[in-house]
Amino acid sequence: MGRGRVTLKRIENKINRQVTFSKRRSGLLKKAHEISVLCDADVALIVFSTKGKLCEYSTDSSMERILERYERYSSAEIQLNTTHNQTQGSWSLEHAKLKARIELMQKTQRHFMGEEVDSLNLKELQNLEQQLDTALKHIRLRKNQLMLESISQLQKKDKDLQDQNNSLSNQIKEMEKEIPSQHKDYEMMPSFQLEVLRTNCSNAYPHARMEGEMEENLRQATVMPPWMLQHMTK
């Protein structure tokens with residue numbers, strides 16, 4: 001039969017306890033040496049017996065060097081854990097502050113909307129009313145500013161349109177001044193030039209339907225009597 005599982009508990013018999021300690025110590029030192037050789041690891045083993053006897057094992061790096069590395073690692077680990085805990089505490093505190101601030105802003109917004117004002121006392125209501133009055137003043141000021149800017153733009157457009165209208169009126173007056181001088185030129189035109197004009201009009205209007213148009217054009221172009229125009233078109 002195989003060996004049964006040994007319950008781990010303190011051996012009451014001193015002799016048996018000492019024998020077991022010696023055996024297990026030798027096995028522990030052997031395992032430490034094996035892991036250092038097989039895995040190329042730095043191993044340091046320290047064991048104190050019940051009588052205070054020291055048993056130790058270390059790899060070629062020496063016990064002092066390994067213990068020094070252990071102290072540096074432990075110090076860095078403690079500092080890292082401390083910093084992490086402080087950071088976590090700082091973030092937790094900042095989160096709590098931001099959450100409280102958001103809740104306060106939401107509550108203030110509801111008050112501005114006229115909601116949940118029953119819990120406010122007289123002083124808080126007066127303060128809320130003053131804030132609303134100040135906000136309304138700023139809103140009205142901005143609205144008036146935009147209205148004045150809009151009116152100014154409309155006035156500028158109106159002035160531009162008036163200038164264009166005046167310019168067009170002046171052009172029409174100039175054209176009206178030139179028309180009588182053109183009529184006068186036609187009145188002073190010699191008979192042979194009128195004959196040339198009649199011939200050109202006849203060439204431009206060869207059909208009988210166009211003769212009436214030619215006569216009308218000649219009548220409009222000159223101020224000659226109608227009987228003279230009829231005589232010229234025959």
Side-chain angles (χ1 to χ4, degrees), residues 94-95 97-234:
E94 187 69 18
H95 176 265
K97 289 181 179 180
L98 290 175
K99 185 177 180 180
R101 186 176 179 181
I102 291 173
E103 291 178 353
L104 179 61
M105 293 176 65
Q106 291 176 348
K107 184 177 180 181
T108 304
Q109 183 180 7
R110 290 194 294 270
H111 290 166
F112 283 145
M113 297 296 294
E115 301 174 357
E116 301 180 5
V117 295
D118 295 337
S119 59
L120 300 179
N121 55 28
L122 180 60
K123 185 176 180 180
E124 291 174 342
L125 289 172
Q126 290 176 349
N127 187 21
L128 178 62
E129 183 180 8
Q130 184 178 2
Q131 292 178 358
L132 290 172
D133 290 338
T134 303
L136 286 174
K137 289 180 181 178
H138 288 295
I139 293 172
R140 292 193 184 100
L141 181 63
R142 179 57 180 167
K143 183 188 71 173
N144 293 333
Q145 182 180 359
L146 292 176
M147 291 178 66
L148 291 175
E149 291 177 356
S150 178
I151 292 172
S152 177
Q153 292 177 358
L154 291 174
Q155 289 177 348
K156 184 179 179 180
K157 290 181 180 179
D158 182 65
K159 185 176 181 303
D160 294 338
L161 291 174
Q162 288 181 357
D163 293 340
Q164 293 178 5
N165 189 19
N166 293 332
S167 178
L168 292 174
S169 299
N170 293 331
Q171 293 179 6
I172 292 173
K173 289 180 181 179
E174 293 294 331
M175 293 175 63
E176 290 177 350
K177 289 179 181 179
E178 293 177 357
I179 290 175
S181 62
Q182 293 178 357
H183 282 286
K184 186 179 293 184
D185 292 339
Y186 283 117
E187 291 175 357
M188 297 176 65
M189 185 179 297
S191 59
F192 71 91
Q193 292 184 358
L194 290 174
E195 183 64 24
V196 172
L197 177 64
R198 183 183 67 81
T199 304
N200 293 334
C201 291
S202 298
N203 294 330
Y205 301 94
H207 301 290
R209 186 176 57 85
M210 295 299 181
E211 292 180 357
E213 296 180 359
M214 181 188 66
E215 183 179 353
E216 181 65 22
N217 290 332
L218 288 173
R219 185 180 295 111
Q220 292 179 357
T222 63
V223 291
M224 298 174 62
W227 61 270
M228 187 177 292
L229 291 174
Q230 293 177 0
H231 180 73
M232 291 176 61
T233 55
K234 290 181 180 181

Could you go through Thr134 and His138, starting from their C-alpha distance and side-chain angles, then the distance that decides it, and tell me whether this counts as side chain to side chain contact (heavy atoms under 4.5 Å, CB included)? CA-CA 6 Å; Thr134 303; His138 288 295; 3.7 Å; yes

Atom pair OG (Ser119) and NE2 (His111), whose distance is rounded to the nearest 0.5 Å: 5.0 Å

Taking the side chain as C-beta and beyond, is there a heavy-atom pair between Leu128 and Glu124 under 4.5 Å? no

Tell me, yes or no, whether the heavy-atom count around Glu149 atom CD, taken from other residues, nucleotides or ligands under 6.0 Å, exceeds 12. yes

Mind checking the CG-CG spacing from Leu161 to Asn166? Nearest 0.5 Å is all I need. 11.0 Å

Reported NZ-to-CD distance for the pair Lys157 and Gln153, which is rounded to 0.5 angstrom: 6.5 Å

Distance in Å, Ile151 CD1 paired with Asp158 CG, rounded so as to fall on 0.5 Å steps: 13.0 Å

Would you say Asn144's side chain and Arg140's backbone share a donor-acceptor pair under 3.5 angstrom? yes

Rounded distance [0.5 Å steps], CD in Glu103 versus NZ in Lys107: 10.0 Å

Using the side chain to side chain contact (heavy atoms under 4.5 Å, CB included) rule, pick out the option among Glu116, Glu115, Arg110 that qualifies with Met113. Glu115

Can you tell me how far CG of Asp163 sits from CG of Leu168, rounded to the nearest 0.5 angstrom? 11.0 Å

Looking only at side chains, do Asn170 and Glu174 share a donor and an acceptor under 3.5 Å apart? no

Can you give me the closest heavy-atom contact between Val117 and Leu125, atom names plus distance? O-CD2, 4.1 Å

Carboxylate-amine/guanidinium contact Asp133 Lys137, below 4.0 Å: no

Given the options Thr108, Ile102, Leu104, Gln106 meets side chain to side chain contact (heavy atoms under 4.5 Å, CB included) only with Ile102

